[in-house]
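The first residue of the sequence shown is numbered 1, and numbering continues consecutively from there. No hydrogens, no waters, no symmetry mates; every other heavy atom, side chains included, goes into these values.
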Amino acid sequence: MVSKSVLKSLLLVALLLPAVLLICVGLSRLLFVLGDAPVGRFFERVALGGGVIWVLDLLGLLLAVAAKQLCE
């Protein structure tokens with residue numbers, strides 16, 4: 001059975017991570033415009049990794065809700 005705290009954590013990450021990713025993408029674009037390409041590339045890669053984590057979190061949330069519904 002999936003606990004409520006796990007569901008709350010997955011939901012919190014699913015809701016807040018896109019905002020953090022948008023900030024990283026915006027910061028990387030700003031740094032590219034300002035001429036700091038290496039740091040801009042770093043923030044692009046951070047955003048890409050965060051996107052992968054976000055997709056995995058959404059899948060985990062889906063599976064956790066399905067498991068909770070099956071147990072009830």
Check: Do the non-hydrogen side-chain atoms of L17 and I53 ever get within less than 4.5 Å of each other?
Finding: yes

Note to self: Would you compute the distance between atom CG of L48 and atom CZ of F43 and round it to the nearest 0.5 angstrom?
What the structure shows: 14.5 Å

Note to self: Working to the nearest 0.5 angstrom, can you tell me the gap between L10 CG and L56 CG?
What the structure shows: 11.0 Å

Next item on the list: Could you tell me the separation between the CG atom of L27 and the CG atom of L34, rounded to the nearest 0.5 Å?
Entry: 9.5 Å

Next item on the list: Indicate yes or no for a side-chain donor-acceptor contact from D57 to the backbone of A14 under 3.5 Å, with no hydrogens or angles considered.
Entry: yes

Note to self: Quick check on the hydrophobic clustering: are V46 and L21 connected, directly or via other members, by side-chain heavy-atom contacts under 4.5 Å?
What the structure shows: no

Note to self: For R41 versus F32, what's the shortest heavy-atom pair and its separation?
What the structure shows: N-CZ, 3.7 Å

Checklist line | For A47 against V25, the heavy-atom pair lying closest together | finding: CB-CG2, 3.6 Å

Item checked: Any side-chain heavy-atom pair of L7 and S9 under 4.5 Å -> no

Checklist line | Heavy-atom side-chain contact between L62 and L58 under 4.5 Å | finding: no

Next item on the list: Identify, with sequence neighbours excluded, every residue that meets salt bridge (Lys or Arg N to Asp or Glu O under 4.0 Å) alongside R45.
Entry: none

Next item on the list: Is it possible for you to say whether V65 and L15 belong to one hydrophobic cluster, with membership spreading through side-chain heavy-atom contacts below 4.5 Å?
Entry: yes

Notebook entry, point to check: What closest approach, in Å, do V2 and A67 show between heavy atoms, and which atom pair accounts for it?
Noted result: CG2-CB, 4.0 Å

Check: Which residue pairs pass the salt bridge (Lys or Arg N to Asp or Glu O under 4.0 Å) test when at least one of the two sits in residues 11-24, sequence neighbours left out?
Finding: none

Checklist line | Closest heavy-atom pair and its distance - S28, E44 | finding: OG-CG, 3.6 Å

